[in-house]
Amino acid sequence: MTPTSIKLLLGGILVLLFTTKELLAQTLSVTGEVKTPLTLTASDLHALERTEVTAKDRDGKEHRYAGVALTAILRKAGATLGGELRGENLSKYLIAKAGDGYEVLFSLAEVDAEFSGRTILVADSVDGAPLPQGVGPFRLVIPDEKRPARWIRELKSLEIRFAK
Amino acid sequence: MRYFPLLTALVIFLSSFWITKRELHPYKLEYPTSFGRRFTIPDDNSTTEEGVALGRMLFYEPLLSSTNTVACASCHKQANAFSDDRQLSIGVSGKPTRRNSMSLVNLLWVKNLFWDGRANGLENQAVFPLAHPDEMGQSLEASAKKLAKTRRYPSLFQRVFGISSITGEHITKALAQFERTLISANSPYDRSLKGETTLSAAEQRGRELFMRGPAPERGVRGGNCAHCHGGAKLMQEVFHNNGLDSIAVADRGRQEITSDGLDNGRFRVVTLRNIALTAPYMHDGRFASLEQVLDHYNEHFHFSPNLSHELRISHNEPTGQRLGLTSSEKKDIIAFLRTLTDSTFITNPAFSNPFETKK
């Protein structure tokens with residue numbers, strides 16, 4: 001091996017170590033108008049009921065995403081879903097925030113599977129592998145949306161609020 | 001008229017209220033509707049003509065520094081869209097600042113100020129440069145005392161805030177009011193959006209490259225700049241690592257605030273309005289020219305572990321590793337960036353030094 005290739009190799013190992021360590025340390029928080037605010041780690045997510053969906057990403061190709069249904073996570077936090085999603089609770093919304101500060105909004109009704117009939121996934125793996133750095137550890141996947149602008153990468157927090 | 005004396009007394013009594021009541025005129029912030037109203041002005045510091053005028057004086061006031069020689073305007077010069085043409089700025093200590101000075105433009109819409117987003121709100125932000133030993137190096141209390149000894153300021157603070165003695169808090173409030181008025185939305189690019197002018201062919205090509213992401217499979221070429229620097233204000237309040245270093249050690253950026261490893265080397269995506277006036281570029285001012293900036297995005301960025309996903313995946317050539325724009329495409333993007341220069345902003349007399357005699 002030439003000195004440069006050794007350097008490259010060592011650099012690669014360093015970056016890999018750094019990456020795994022940081023990804024393992026990441027959490028997803030659920031806050032706001034919920035009974036029990038949550039801070040979930042990757043292993044917490046593995047302990048919940050798993051769901052898989054197939055959807056087209058920005059590259060135009062179909063991928064298999066695995067993770068936990070957003071509804072299941074919100075239910076665990078005690079958000080007003082299902083039968084409770086009526087009256088003033090229909091003026092609630094969800095802000096999903098990414099690691100870079102990017103925020104997108106959903107009405108609470110549109111994310112509740114029972115209400116809207118759609119599945120939104122908090123994915124932690126794609127095609128059988130963990131999501132890579134820059135994308136994971138968690139990503140929102142919304143299979144029925146034509147533009148993936150709300151499929152936020154590095155999902156950090158979910159906050160439910162009342163429209164005031 | 002036996003009631004006359006009584007009436008006069010009443011009128012005098014009432015008018016005393018009239019005189020002490022501060023008559024302030026709300027300042028009308030004007031901006032294109034496309035900029036939106038996603039901003040908050042603190043309830044206890046609404047923007048008034050009088051407050052803005054006071055803030056402008058303070059912005060140019062060297063008495064706010066320990067040496068009486070440095071003002072905000074020393075490092076935020078109107079001719080440079082309120083940034084500094086030096087790589088690092090020099091304040092009272094003569095030691096260079098840690099980072100490159102930032103342009104003060106359209107801050108009404110920014111919540112987390114500084115390159116690393118550490119200050120929330122303009123009122124809080126102003127405390128940093130005022131007190132920093134390498135910037136203005138003077139406590140707010142000392143500044144308030146100095147201003148109280150002048151002939152000019154006590155009555156102005158009294159009028160704007162209804163206070164009898166100047167405080168540090170009111171200094172930062174007035175500065176924030178002035179800074180909120182620094183709105184730039186009249187560049188040739190803005191006028192082209194309104195149909196008042198047309199961009200040249202090169203500028204137009206540059207605009208398209210700037211706005212679009214590349215998709216070689218569909219024959220679409222792009223620089224993908226707008227993914228981060230897009231929107232009507234040409235900025236978004238997000239933090240990214242644009243590959244300046246393989247691992248950021250000397251200045252960890254956002255990580256210093258959040259302690260999150262994924263934030264290593266992430267900095268705020270700043271506006272590119274007036275970018276041709278604000279060289280040198282990046283948080284450490286490492287690039288002297290826009291040519292160097294384009295070379296960075298096209299050819300030299302580091303594949304740091306935290307490199308923004310968008311930069312990692314944007315290629316104009318199907319097998320490319322980096323952006324892969326041609327040199328004439330880079331020139332076109334620069335031509336477009338130059339259309340973001342708002343000459344009315346840098347010559348607006350309302351933002352200039354109030355102590356300089358009018359030419």
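Quick note on labels: first sequence line is chain A, next is B, and so on, each numbered from 1.
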At under 4.5 Å between heavy atoms, what parts of [range] are in contact with chain B? List them by residue number.
range                       : value
residues 146-164 of chain A : A:Arg153, A:Glu154, A:Lys156
residues 76-86 of chain A   : none
residues 28-65 of chain A   : A:Arg58
residues 95-109 of chain A  : A:Gly99, A:Asp100, A:Gly101, A:Tyr102, A:Glu103

Among B:Glu237, B:Glu310, B:Arg268, residue most engaged with chain A (heavy-atom pairs, under 4.5 Å): B:Glu310
Region of B:Leu307 in contact with chain A, defined by heavy-atom distances below 4.5 Å: neither
Structural part of B:Asp263 lying under 4.5 Å from a heavy atom of chain A: side chain
Between CD on residue A:Gln133 and CG on residue B:Asn306, distance to nearest 0.5 Å: 5.0 Å
